[in-house]
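Only one structure is covered here, and it is reproduced in the block below.
Fair warning: this is a prediction, and the values are worked out from it, not measured in the lab.
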Amino acid sequence: MPMSDLFAPRIAVILPCYNEAATIAQVIADFRLHLPAANIFVFDNNSSDDTGRIAAAAGAQVLTVPMPGKGNVVRRMFADIEADVYVMTDGDATYSIADAPRMIDRLLSERLDMVVGIRTSGRPEDSEAYRFGHRFGNRMLTRCVAVLFGRTFSDMLSGYRVFSRRYVKSFPAHSTGFEIETELTVHALELRMPVAEMVTAYGARPEGSQSKLRTYRDGIRILTTIVRLFKAEKPLIFFSLGSVATTLLAIVLAVPLLETYAETGLVPRQPTALLCVALVLLGGILFACGLVLDTVTRGRTEVKTIAYLRIPGIGALRSPVP
């Protein structure tokens, strides 16, 4: 029996939108059809078209977020909306809304904190919707996260996700743009949350709808975010790599000096010798920084975990009062 039959959660559909006038009405209508009990919220990120007016006419509650960038919108969505289950997708009508009930049922039945929709182009005419370059970049960035943070997802950059309340209310969003999906993924991995993936169809944008994604610019921003999160969440490894690199460079530069000194008893290139000493000292400082920041990070992670555990899980099991 689906968990939703035993527990009636408050479901909020949250849609970050920027200039989606061509598609937002259809997205809202699809959610009305497949999730009739859900409250639908459209967060209009300073659209220059009629996105907000069309969304309101279609029956959604419209809120305006003046700060540009999807990350800023997600931060406001998570802060302002109160619900038990959150369904987040884009307002461009590319994701299959019909899969939302299955994703919610899995979140509830398995008591998960996040379910991610894995994009797949089911029809030949939709093959260009998820272009090879985007798939390749997604796989590359996903593998980077897997190497740095361990177990990860097949489609880390998917914008179709279902969250539990305790995920949403424990997520400290820092990103401003499309790199927010990377931060959502790392947050779940850092706190070892129960998560899952489900395959969902991904189609082409309807005529008149334009993608806001800039492949190279946003790819670089996502890669930069991965490095930043690596430094913040794994400081000992991050700074140790720098320490090892500087120490090895010092050794390489010192070998000819040591050979000359062994043969002649002289050190002819004193600036190089001073550089080697400075590199070794820098390596020691980097390693010390890693040790100190690792302790700080552990304390911060414990605080995040405590904040996460204070929020009851979906259908939380409680011992009977004696």
Side-chain angles (χ1 to χ4, degrees), residues 71 74-75 78 112-114 116 137-157 161 163 166-197 218-255 273-311:
V74 170
R75 186 181 303 108
F78 284 7
L112 304 175
D113 284 313
M114 180 169 65
V116 180
N138 189 7
R139 286 197 297 267
M140 182 189 71
L141 294 171
T142 299
R143 287 174 183 173
C144 287
V145 171
V147 170
L148 298 178
F149 297 97
R151 179 183 60 86
T152 185
F153 301 89
S154 303
D155 190 0
M156 182 188 72
L157 302 181
R161 298 172 185 244
F163 304 98
R166 62 180 178 180
Y167 181 101
V168 166
K169 297 305 180 182
S170 67
F171 177 64
H174 299 290
S175 300
T176 59
F178 284 106
E179 65 273 20
I180 187 67
E181 278 90 2
T182 302
E183 193 173 357
L184 289 167
T185 299
V186 172
H187 179 62
L189 296 175
E190 180 192 8
L191 297 189
R192 302 174 188 175
M193 294 181 181
V195 297
E197 290 182 305
D218 291 321
I220 292 173
R221 291 184 63 176
I222 292 169
L223 186 59
T224 302
T225 299
I226 292 173
V227 175
R228 177 177 59 81
L229 290 171
F230 179 43
K231 178 179 72 69
E233 307 301 338
K234 307 282 187 179
L236 182 57
I237 300 176
F238 181 86
F239 286 98
S240 293
L241 291 174
S243 177
V244 170
T246 55
T247 302
L248 288 176
L249 180 58
I251 292 173
V252 170
L253 294 174
V255 167
L274 292 175
L275 177 60
C276 292
V277 173
L279 288 172
V280 171
L281 291 175
L282 177 59
I285 292 172
L286 289 174
F287 183 70
C289 288
L291 287 175
V292 173
L293 291 176
D294 183 65
T295 302
V296 174
T297 300
R298 287 178 181 272
R300 193 180 73 242
T301 301
E302 289 177 359
V303 171
K304 288 182 180 179
T305 303
I306 292 172
Y308 164 78
L309 293 175
R310 283 178 176 173
I311 302 170

Does any donor atom in the side chain of Glu183 or Thr225 lie under 3.5 Å from an acceptor atom in the other side chain?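 The answer is no; no qualifying pair exists.
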
Taking atom [atom1] of [X] and atom [atom2] of [Y], what is their separation to the nearest 0.5 Å?
| X | Y | atom1 | atom2 | value |
| --- | --- | --- | --- | --- |
| Leu236 | Leu293 | CG | CG | 9.5 Å |
| His187 | Tyr308 | NE2 | OH | 8.5 Å |
| Leu184 | Leu189 | CG | CG | 11.0 Å |
| Thr185 | Ile180 | OG1 | CD1 | 10.0 Å |
| Glu197 | Leu112 | CD | CG | 11.5 Å |
| Leu249 | Cys276 | CG | SG | 7.5 Å |

In chain order, what residues pass the side-chain hydrogen bond (donor to acceptor under 3.5 Å, both in side chains) check against Arg75, with sequence neighbours excluded?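 side-chain hydrogen bond (donor to acceptor under 3.5 Å, both in side chains) list for Arg75, sorted by chain: Asn72.
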
Specify the closest pair of heavy atoms between Pro235 and Thr297, including all atoms of both residues, with the distance to one decimal.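 Smallest heavy-atom distance, with atoms named: CG-OG1, 3.3 Å.
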
Closest heavy-atom contact between Thr247 and Gly283?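 Smallest heavy-atom distance, with atoms named: OG1-CA, 4.3 Å.
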
Within a strict 4.5 Å, meaning less than it, do heavy atoms of the [X] and [Y] side chains meet?
| X | Y | value |
| --- | --- | --- |
| Ser175 | Glu181 | no |
| Ile226 | Thr182 | yes |
| Leu191 | Asp113 | no |
| Glu233 | Arg300 | yes |
| Ile237 | Phe230 | yes |
| Arg310 | Ile306 | yes |
| Met193 | Met114 | no |

Whether the side chain of Ser243 engages the backbone of Phe239 through a donor-acceptor N/O pair (distance < 3.5 Å, no angle test) should be reported.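 No, the answer is negative, given that no donor and acceptor are paired below the 3.5 Å cut-off.
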
Under the salt bridge (charged side-chain N to carboxylate O under 4.0 Å, His left out) definition, can you give me all pairs with a residue in residues 289-298, not counting sequence neighbours?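 Found Asp294-Arg298.
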
Before we go on, tell me: are the rings of Phe78 and Phe163 under 6.0 Å apart, centre to centre?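 Judged by ring-centre distance (under 6.0 Å), Phe78 and Phe163 do meet the cut-off.
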
